[in-house]
Amino acid sequence: MAFGWIDEQAAARRRAGLVRTLRPRPADSPLLDLASNDYLGLARHPEVVEGAAAAARTWGGGATGSRLVTGTTELHGELERELADFCGFESALVFSSGYAANLAAVTALAPHGSLIVSDAGNHASLIDGCRLARGTTQVVAHADPDAVRKALGTHDGPAVAVSDTVFSVDGDAAPLAGLAGACREHGAGLVVDDAHGLGVLGAGGRGAPYAAGLAGADDVVVTVTLSKSLGSQGGAVLGPARVVEHLVNAARTFIFDTGLAPASAGAALAALRLLGREPERAARAREVATGLHARLTAAGLEAVRPDAAVVSVRAPSPEEAVQWAADCRAAGLFVGCFRPPSVPDGISRLRLTARADLSEEQIERAVRVIGETRP
């Protein structure tokens, strides 16, 4: 029977407690949200919403084509210029998603004969970029510049190291300065995904590469998403102008994909400008994350110390993690639930996201619910 193997895999997922389901949320959910990636609380900010609406009224509902045909509007160019300037890079290129941006950066910068050194904890989009690239990939120990240095030392041709700046599972930060040093010893490039750093780390939320003193370096390329701190949709690659020009000509997820919808570009631009005026939002997100961690550990829970806005709480098993998250929802709290294969170490977790707009009362309530529903 066609696709009969799907039934076998579905049964295996049920036995392992790894079935995933979609839960459409209402426009006005009564749940306290610690699951979304809206780190700065901007997704519903009036200025951001109006930025989306104004762009849709001006440019229409869609980009109408690929970026190289009709999908590049003046708004896209404006967003790219301001995003590059904000993060401290020479140039930027906007994509329809952060996933597409990562695929573009890795595949276009790792041609045949090159070596890709990839952190074991990297996001799926970076992993898929490595799989699609024509270069050879070597996976190394998590957050270990010496492992990167050793891997690069085995290769004579072009090479690039690839890493998240803040890892999405535990919220720990990569040692960017050490990684850059290892790459420079071997003339390799460094590609980092700052999806969870933009808007949270660096001066005024300018990102982890900015904080590490790597912004604008000619051997560093950064990818970002517009769907987390900026409360919109889409992604971008930041770096030297010659790298961006290369992506325009070589990145398949840029050349063959429909451009980012104008509404998303407008929302992201409005959020970026608002963050520029209110840089304290970044510091507040970090403060909330630190406060959550302190309260959770004081309550006897095993929580990982956050380096940005992600707080991870260990669960005993996949089944208990799912039930824990469900019990939290029943008590009015929405939290993320990470299980294998989403977690590379096989340890299931509740994943909490610290938002800059959370009050102290909401933080206390969240900790209380998590503690009361623990397995």
Side-chain angles (χ1 to χ4, degrees), residues 13 17-57 60-62 96-99 168 195-196 199-200 225-235 260-268 270-271 274-275 281 284-285 288-289 292 309-313 315 318-339 342 348-374:
R13 280 193 294 270
L18 299 177
V19 175
R20 288 160 168 79
T21 58
L22 295 174
R23 295 186 180 88
R25 61 180 173 86
D28 295 311
S29 174
L31 300 179
L32 174 59
D33 175 22
L34 266 72
S36 76
N37 291 317
D38 186 19
Y39 296 138
L40 303 183
L42 296 182
R44 289 177 176 266
H45 192 284
E47 290 185 31
V48 176
V49 173
E50 178 53 30
R57 287 193 296 266
S96 61
S97 71
Y99 211 109
S168 61
H196 299 278
V200 178
T225 181
L226 312 178
S227 63
K228 292 180 173 58
S229 287
L230 298 185
S232 181
Q233 187 90 13
L260 181 67
S264 295
L274 190 138
L275 177 57
R281 287 179 178 267
R284 175 58 183 167
V288 171
L292 273 170
V310 174
V311 182
S312 173
V313 184
E319 295 85 359
E320 287 170 301
V322 171
Q323 187 60 53
W324 197 359
D327 291 342
C328 285
R329 282 196 302 275
L333 176 66
F334 193 10
V335 297
C337 177
F338 275 29
R339 301 166 286 155
S342 299
S348 295
R349 301 158 168 84
L350 295 188
R351 180 179 179 274
L352 318 179
T353 51
R355 297 202 327 269
D357 60 341
L358 288 177
S359 67
E360 292 302 313
E361 185 278 330
Q362 289 173 318
I363 296 170
E364 291 287 355
R365 175 185 160 199
V367 172
R368 183 175 65 254
V369 169
I370 293 167
E372 290 174 350
T373 57
R374 76 176 78 182

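Only this structure's heavy atoms are used, side chains among them; waters, hydrogens and symmetry mates stay out.
Proximity of L42 to R281: side-chain heavy atoms (C-beta onward) are separated by under 4.5 Å at one or more points. L358 has its side chain within reach of L34: a pair of non-hydrogen atoms, C-beta onward, lies under 4.5 Å apart. Considering only heavy atoms from C-beta on, C328 comes within 4.5 Å of I370 through its side chain. The side-chain heavy atoms of R355 and D38, taken from C-beta on, include a pair separated by under 4.5 Å. A heavy-atom distance below 4.5 Å is found between the side chains of L226 and L260. Using a 4.5 Å cut-off on side-chain heavy atoms (C-beta onward), N37 and Y39 make contact.
Distance alone, capped at 3.5 Å, places no donor-acceptor pair between the R351 side chain and the F338 backbone. A distance-only check finds a donor-acceptor pair linking the side chain of T353 to the backbone of S36 [under 3.5 Å]. Distance alone, capped at 3.5 Å, places no donor-acceptor pair between the R339 side chain and the E319 backbone. T225 places no side-chain N or O within donor-acceptor distance of the main-chain N or O of Q233, the cut-off being under 3.5 Å.
The two atoms that bring V49 and A43 nearest to each other are CG2-O, 3.9 Å, heavy atoms only. Pairing each heavy atom of S168 with each of H196, the nearest pair is CB-NE2, 3.3 Å. Nearest heavy-atom pair, G61 versus A261, reported as atom, atom and distance to 0.1 Å: O-CB, 4.0 Å. Nearest heavy-atom pair across A270 and G51 is CB-CA, 4.2 Å. Of all the heavy atoms in S232 and S264, the pair that sits closest is OG-O, 2.7 Å. In plain terms, the two heavy atoms of A321 and S348 that are nearest each other are CB-CB, 3.8 Å.
Here the CG atom belonging to D327 is positioned 11.0 Å from the CD atom belonging to E320, to the nearest 0.5 angstrom. If you take CD on Q362 and CD on E364, they are separated by 11.5 Å, rounding to the nearest 0.5 Å. Residue L350 holds its CG atom at 8.0 Å from OG of S312, rounded to the nearest 0.5 Å. For the atom pair CG (D33) and CG (D357), the distance works out to 9.0 Å, reported to the nearest 0.5 Å.
Using a 4.0 Å cut-off between a side-chain N of Lys or Arg and a carboxylate O of Asp or Glu, E361 and R368 do not qualify as a salt bridge.
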